[in-house]
Amino acid sequence: MSKVLVAYYSWSGNTERAAKAIAEALGADLEAIKDRKPRRGLFAYVRSGMEAAGERAAPIAPAIKSAANYDLVLLGFPVWAGKMASPMRSYILRERAIFKQIALFCTLGGAGGEAALAGAAALCQRTPVATFAFDERTLRAGPWREQAAAFARSVSARRTR
């Protein structure tokens, strides 16, 4: 049996909820990516958007689990200013050399999900086995659990063993 890790960054909790549902469906381990600097208030909101738009990395805490120990790593992140969140950029830059296979998912309140997923794949230097964008409205009141389970099934069906 291959090992699967769901590594995610979540600011509002939306990405965390999706990550936990996907991990449960896959029987995967979880790795929460943590900021070194707090993101509270208006200044943090502006800083976050500027980091993402400028494709800058952000200081993050060391990972607890090594991606090298997993056959597949799912990366989950919110979309900020049409790009992946800067803490996920940091994680990918630090870990990408040891990724074997990846899958990607994002959460977003507006547009830009496909572009953010494509940017993450390019940064990983890997073709993802599957991608999915969770809309914030669906995460609040829609069938997001069913979408998470369907995404997990898609990942399972497409990955190599």
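This chain uses plain numbering: 1 for the first residue, then up along the sequence.
- Glu95 meets the side chain to side chain contact (heavy atoms under 4.5 Å, CB included) test with Ala63, Ala67, Tyr91, Ile98, Phe99; sequence neighbours excluded.
- Between Ala121 and Pro128, the shortest heavy-atom contact is CB-CD, 3.7 Å.
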>> Applying side-chain contact (heavy atoms from CB on, under 4.5 Å) to Leu72 and Leu5, what does each step give before you reach the verdict?
In response: CA-CA 6 Å; Leu72 172 66; Leu5 176 67; over 6 Å; no
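- A pairwise comparison of heavy atoms in Asn69 and Lys3 identifies O-CD, 3.7 Å as the closest pair.
- Ring orientation note: the planes of Phe105 and Phe134 are nearly perpendicular, at an angle over 60° on the 30°/60° scale.
- Counting heavy atoms from C-beta on, the side chains of Met84 and Leu75 never come closer than 4.5 Å.
- For Ser154 and Arg158, the side-chain atoms include at least one donor-acceptor pair closer than 3.5 Å.
- Shown here are the side chain to side chain donor-acceptor pair (under 3.5 Å) partners of Thr138, two or more places apart in sequence or in another chain: there are none.
- Rounding to the nearest 0.5 angstrom, the gap separating the CZ atom in Arg145 from the CD1 atom in Ile22 is 11.5 Å.
- Counting only heavy atoms from C-beta outward, the side chains of Asn14 and Glu136 approach each other to under 4.5 Å.
- Heavy-atom minimum distance, Tyr9 versus Ala85: CD2-CB, 4.0 Å.
- A distance-only check finds a donor-acceptor pair linking the side chain of Arg126 to the backbone of Arg96 [under 3.5 Å].
- Annotation for Gly113 and Leu108: closest pair N-CD1, 3.6 Å, computed over non-hydrogen atoms.
- For the pair Ala21 and Ala148, the tightest heavy-atom approach, listed with the atom from each and the gap, is CB-CB, 3.9 Å.
- Within the 4.5 Å cutoff, side-chain heavy atoms of Leu26 are placed close to those of Leu74.
- Atom CZ of Phe151 is separated from atom OG1 of Thr131 by 7.0 Å, given to the nearest 0.5 angstrom.
- Panel note: side chain Ser10, backbone Glu16; a donor-acceptor pair is recorded below 3.5 Å.
- The line from CD of Gln125 to CD1 of Ile102 is 10.0 Å long, rounded to the nearest 0.5 Å.
- Shown here is Lys34, whose NZ atom has no more than 12 heavy atoms of other residues, nucleotides or ligands within 6.0 Å.
- Donor-acceptor pairing under 3.5 Å is lacking for the side chains of Tyr8 and Glu31.
- Taking 4.5 Å as the limit, every side-chain heavy atom of Trp11 sits out of range of all side-chain heavy atoms of Asp35.
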> Please walk me through it: do Phe77 and Arg89 pass side-chain contact (heavy atoms from CB on, under 4.5 Å)?
Replying inline: CA-CA 9 Å; Phe77 54 88; Arg89 178 174 298 283; over 6 Å; no
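- Using a cut-off of 4.0 Å between Lys/Arg side-chain N and Asp/Glu carboxylate O, Lys20 and Glu24 are scored as not salt-bridged.
- Partners of Asp29 according to the side chain to side chain donor-acceptor pair (under 3.5 Å) rule, which considers only residues two or more places apart in sequence or in another chain, are Tyr70.
- Minimum heavy-atom separation, Val155 to Ala103: CG2-CB, 3.9 Å.
- You'll find the side chain of Pro62 reaches within 4.5 Å of the side chain of Arg36, heavy atoms only.
- Side-chain contact between Leu123 and Leu93 is present, with heavy atoms from C-beta onward closer than 4.5 Å.
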